[in-house]
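To keep things clear, I will list the structure first and then write my remarks on it.
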Amino acid sequence: MTKVIFLPHDELCPEGQVAEAEPGMTVLDVALANGIDLEHACEKSCACTTCHVVVREGFDSLSEASEDEEDMLDKAWGLEPESRLGCQAEVADQDLVVEIPKYTINMVSESH
C-alpha cells in the first residue's frame, strides 16, 4: 500500500493525517475515504479547482496531468509547479506528501 501523508490544514485535518491508498486511487478519493472533506464542487469531473492540492513529495510518481487538468489548474488559487487537481491525480506506488491549500476558488458552492 502507498502512504499519502496529508500535511496539517487548519480546518480539514488540523493534526495532519497518514492514509493508505491502493495504486490507481485519486488523491481526492484517498482524502474522502479517510475523513478529510476536501471540497470537490464539480463531483470529480475536472471542471473546477476546488480539490486543488500541492504534492510536496512524490509528484513525479503520479499519473500524467491531462490538458484539461492543466487548463483548470491555471485558474487555481496559489498555483505551484507541483499543483494537481485531487480528482485527477492517481496514486502509484510511491509515498506522497500532500498539502491542501488554505484557500480555494468556488464560484458556486453546492452545500450552501
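- Each ring pair (Phe, Tyr, Trp, His ring centres under 6.0 Å) pair with one or both residues in residues 45-69, not counting sequence neighbours, would appear here, but there are none.
- Interatomic distance, CD1 of Ile5 versus CD of Glu57, reported as 7.0 Å (0.5 Å rounding).
- At least one donor-acceptor pair under 3.5 Å links the side chain of His9 to the backbone N or O of Leu12.
- Taking every heavy atom of both residues into account, Cys87 and Cys46 meet most closely at SG-N, 4.0 Å.
- Scanning all heavy atoms of the two residues, the minimum distance from Ser61 to Gly58 falls at OG-O, 2.7 Å.
- Note that the CD atom of Glu39 and the CG atom of Leu28 stand 10.5 Å from one another [nearest 0.5 Å].
- The shortest non-hydrogen separation linking Cys42 to Ala47 is SG-N, 3.3 Å.
- Nearest approach of Ala41 to Thr50, heavy atoms of both residues: N-OG1, 2.9 Å.
- For the residue pair Val30 and Ala19, the shortest heavy atom distance occurs at CG1-CB, 3.8 Å.
- Linking ILVMFWY residues whenever their side-chain heavy atoms come closer than 4.5 Å, directly or via other members, leaves Val55 and Leu73 in distinct clusters.
- Residues Ile36 and Phe6 have side chains in contact (heavy-atom distance under 4.5 Å, counting atoms from C-beta outward).
- When each of Met72, His40, Glu70 is tested with Leu85 by the rule side-chain contact (heavy atoms from CB on, under 4.5 Å), just one qualifies, namely Met72.
- Taken from SG in Cys48 to NZ in Lys75, the straight-line distance is 10.5 Å, to the nearest 0.5 Å.
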For residues 90-102, run the donor-acceptor check on the side chains, cut-off 3.5 Å, and write out each pair with its distance to 0.1 Å, sequence neighbours left out.
from: Asp95; atom 1: OD1; to: Lys3; atom 2: N; distance (Å): 2.9
from: Glu99; atom 1: OE1; to: Arg56; atom 2: NE; distance (Å): 2.7
from: Glu99; atom 1: OE1; to: Arg56; atom 2: NH2; distance (Å): 2.7

Side-chain donor-acceptor pairs under 3.5 Å in residues 20-27, sequence neighbours left out?
from: Thr26; atom 1: OG1; to: Asp29; atom 2: N; distance (Å): 3.0
from: Thr26; atom 1: OG1; to: Asp29; atom 2: OD2; distance (Å): 3.2

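- The heavy-atom pair separating Arg84 from Leu62 by the smallest distance is NH1-CB, 3.6 Å.
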